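A short write-up of the structure that comes next.
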Amino acid sequence: MSRSLSRDGLESIQAQELATLQPLIDVVAEAGAQGDLHNVDANTLGHDLMTMAHMWALKHWYFQQREVGLEEYIHQQVRTVVMNNLSESARKRVGTSAVR
């Protein structure tokens with residue numbers, strides 16, 4: 001689809017994506033600065049989180065075939081990505097309720 005866009009159109013879409021992504025990167029960077037995350041790159045983790053959100057939109061059919069709804073998908077991703085990147089002190093504050 002992006003191949004059909006003009007250079008200006010593609011640049012506009014990319015700018016919109018970065019504008020949408022930036023608040024997520026900011027939150028990850030702040031959590032890292034507060035010591036709530038292990039040594040992670042905020043840009044990389046922010047993009048990973050955004051990609052996981054896109055994955056549901058693109059591949060929900062697959063997860064639904066496996067009887068995994070949106071809520072369960074979110075819990076699995078939080079458990080896999082977010083909880084594994086939390087520092088010990090942040091993990092204790094969050095507790096096990098976040099991972100079921």
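Just the heavy atoms: all of them, side chains too, but no hydrogens, waters or symmetry mates, feed the values below. Since the structure is predicted, the reported quantities are computational estimates derived from the model, not experimental observations.
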Supply the atom-to-atom distance Arg79 CZ to Glu72 CD, rounded to the nearest 0.5 angstrom.
6.0 Å
Results of side chain to side chain donor-acceptor pair (under 3.5 Å) for Ser87 - residues two or more places apart only:
Ser89
Taking only residues two or more places apart in sequence, or in another chain, which ones meet Gln64 in a side chain to side chain donor-acceptor pair (under 3.5 Å)?
none
Name all pairs fulfilling the salt bridge (charged side-chain N to carboxylate O under 4.0 Å, His left out) condition that reach into residues 13-25, sequence neighbours left out, sorted by first residue then second.
none
Would you compute the distance between atom NE2 of His60 and atom CD of Gln65 and round it to the nearest 0.5 angstrom?
10.0 Å
Residue list, salt bridge (Lys or Arg N to Asp or Glu O under 4.0 Å) with Asp48, at least two apart or on another chain
none
Below 3.5 Å, can you tabulate the donor-acceptor pairs from side chains in residues 25-45 to any protein atom, sequence neighbours excluded?
residue : atom : partner : partner atom : Å
Asp26   : OD1  : Gln22   : NE2          : 2.7
Glu30   : OE2  : Gln34   : NE2          : 2.7
Asp36   : OD1  : Arg93   : NH2          : 2.6
Asp36   : OD2  : Arg93   : NH2          : 3.1
His38   : NE2  : Leu86   : O            : 2.8
Asp41   : OD2  : Asn43   : N            : 3.3
Asp41   : OD2  : Thr44   : N            : 2.8
Asp41   : OD2  : Thr44   : OG1          : 2.9

OG1 of Thr80 to CG of Asn85, rounded to nearest 0.5 Å, is 10.5 Å
Please name the pair of heavy atoms, one in Tyr73 and one in Met55, separated by the smallest distance, quoted to 0.1 Å.
OH-CE, 3.1 Å
Are Trp61 and Leu58 co-members of a hydrophobic cluster defined by side-chain heavy atoms under 4.5 Å apart?
no
The side chain to side chain donor-acceptor pair (under 3.5 Å) partners of Gln16 (sequence neighbours excluded) come to Ser12
Would you call Met52 and Trp56 a side-chain contact if the rule is heavy atoms closer than 4.5 Å?
no
Please list, chain by chain and in numerical order, all residues satisfying salt bridge (Lys or Arg N to Asp or Glu O under 4.0 Å) with Glu67, sequence neighbours excluded.
none
Mind checking side chain to side chain contact (heavy atoms under 4.5 Å, CB included) for Ile74 and listing every partner two or more places apart, or none if nothing turns up?
Leu70, Val78
Closest approach of Asn84 and Arg91, non-hydrogen atoms and distance?
CA-NH2, 3.8 Å
